[in-house]
Amino acid sequence: MTASADIVNRALQQIAAQATVSGGNPTFDGSAAGNAAGILYMPVVKTLLRSQDWEFARREWIGTTVPLSLPPVINPWSFVYDYPADCERLLQVWPANPSAFDPQPVRWSVAEIVVTVGLGTAPAKGILTNQAAAALTYTSNSVIENGWDSIFAESVVRLLASELAMALGGRPDFSEKMLATAGQLASSGPGKDS
């Protein structure tokens, strides 16, 4: 059984569903529970990844500048960096060169930009800043389930149970209970005292 199927089966058990799933995200088996899990699994994971600065999902990356086709309408920024494909939440931009480190925080903004693609242009997400040679700290959405923090995993189980309770059985009582416990677990996440 895959780790994602294990998470879904734990969520199904929380709502007393008489079903289990097999397979893995995003194509669980073709059962009603598997189809619902295939739709709900990643939105639940991404919601919880955005909720806090989870240490297990934190990544650092040296930014790559992007050639713009059209400058932003209001451009107080000198540099535009590519938004990492696995970035769920940008946490910080900082100087990549340690000798140039300044204790002042680096200002940045995430915006839609227009980039050159082949002979044409396309919209893309970019990071605007005045920091030359920037490094990024962000929350990655590509961490496999076996690398998850135990509180995060249990938060996913509870929030997914809340969603599945409504999707599979129209059970607002279970949905509300699981939503409350998921919130409690997530709030006790990184940097919180027990």
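Starting from 1, each residue takes its place in the sequence as its number.
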Engineer: Below 4.5 Å, heavy atoms only, C-beta onward: do F56 and L49 meet side chain to side chain?
Structural biologist: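 They are in side-chain contact.
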Engineer: For a quick test of reading the model, state the closest non-hydrogen atom pair linking A19 to A33 and the distance between them.
Structural biologist: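 It is CB-CB, 4.3 Å.
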Engineer: Hey, what do you get for CZ (F28) to OG (S22), rounding to the nearest 0.5 Å?
Structural biologist: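 One gets 9.5 Å once the value is rounded to the nearest 0.5 Å.
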Engineer: With sequence neighbours left out, what residues match S31 under side-chain hydrogen bond (donor to acceptor under 3.5 Å, both in side chains)?
Structural biologist: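 With neighbours one apart ignored, the set is D29.
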Engineer: I'd like to check the side-chain hydrogen bond (donor to acceptor under 3.5 Å, both in side chains) partners of E154; sequence neighbours left out, ordered by chain and number.
Structural biologist: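 Only R10, R158 meet the side-chain hydrogen bond (donor to acceptor under 3.5 Å, both in side chains) criterion with E154.
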Engineer: Within the 4.5 Å heavy-atom criterion, are L128 and I113 side-chain neighbours or not?
Structural biologist: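 They are in contact (side-chain heavy atoms under 4.5 Å apart), so the answer is yes.
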Engineer: Could you report the tightest heavy-atom contact between N146 and A3, atom names first, then the distance?
Structural biologist: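 Looks like OD1-CB, 3.6 Å.
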Engineer: If you take all heavy atoms of A36 and L168, which pair is closest and at what distance?
Structural biologist: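 Shortest heavy-atom separation between A36 and L168 comes out as CB-CD2, 4.0 Å.
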Engineer: If the condition is side-chain hydrogen bond (donor to acceptor under 3.5 Å, both in side chains), which residues does N141 pass it with, not counting sequence neighbours?
Structural biologist: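 Checked N141 against side-chain hydrogen bond (donor to acceptor under 3.5 Å, both in side chains); matches are E88.
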Engineer: For K46 and Y41: C-alpha separation, side-chain torsions, deciding distance, then whether side-chain contact (heavy atoms from CB on, under 4.5 Å) applies.
Structural biologist: CA-CA 9 Å; K46 288 182 173 193; Y41 188 82; over 6 Å; no
Engineer: For a 4.5 angstrom cut-off between non-hydrogen side-chain atoms, does P84 reach R59?
Structural biologist: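 Counting from C-beta outward, P84 and R59 never come under 4.5 Å.
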Engineer: Identify the heavy atoms of L160 and L40 that sit nearest to each other, and give their distance.
Structural biologist: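 Heavy atoms of L160 and L40 come nearest at CD1-CB, 4.0 Å.
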Engineer: Evaluate the side-chain proximity of R58 to D53: yes if any heavy-atom separation is below 4.5 Å, no if none is.
Structural biologist: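 A side-chain contact under 4.5 Å exists here.
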Engineer: Return the minimal non-hydrogen interatomic distance between V44 and E163, and the atom names on each side.
Structural biologist: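 Here V44 and E163 meet closest at CG2-CG, 3.9 Å.
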Engineer: Return the set of residues passing side-chain hydrogen bond (donor to acceptor under 3.5 Å, both in side chains) with S142 (not counting sequence neighbours), or none when no residue passes.
Structural biologist: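 Scan of S142 (side-chain hydrogen bond (donor to acceptor under 3.5 Å, both in side chains), adjacent residues dropped) gives D86, S140.
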Engineer: If you measure only the distance, is there a donor-acceptor pair under 3.5 Å linking the side chains of W54 and T139?
Structural biologist: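 No, no side-chain donor-acceptor contact under 3.5 Å.
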Engineer: Drop me the distance from Q14's CD to N9's CG, to the nearest 0.5 angstrom.
Structural biologist: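 Reported to 0.5 Å precision, the distance equals 12.0 Å.
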Engineer: Restricting to non-hydrogen atoms, name the atom on L164 and the atom on A37 that form the minimum distance, rounded to 0.1 Å.
Structural biologist: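 Heavy-atom minimum between the residues: CD2-N, 4.1 Å.
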Engineer: Not counting sequence neighbours, which residues clear side chain to side chain contact (heavy atoms under 4.5 Å, CB included) with N130? List them please.
Structural biologist: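 Applying side chain to side chain contact (heavy atoms under 4.5 Å, CB included) to N130 gives W77, S78.
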Engineer: Rounded to the nearest 0.5 Å, how far does OG1 of T20 lie from CG of L12?
Structural biologist: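 Reported value, rounded in 0.5 Å steps: 8.0 Å.
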Engineer: Cluster partners of V110, using ILVMFWY side-chain heavy atoms under 4.5 angstrom, listed by chain and number?
Structural biologist: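 For the cluster that includes V110, the remaining residues are W61, F79, Y81, Y83, L90, V93, V106, W108, I127, L136, Y138.
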Engineer: Any donor and acceptor pair, going by atom type alone, linking the side chain of N25 with main-chain N or O of M42 inside 3.5 Å?
Structural biologist: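 Flag not set: sc N25 to bb M42 has no pair under 3.5 Å.
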Engineer: Going by heavy atoms in the side chains, are E145 and V156 under 4.5 Å from each other?
Structural biologist: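 Of all side-chain heavy-atom pairs linking V156 with E145, none is under 4.5 Å.
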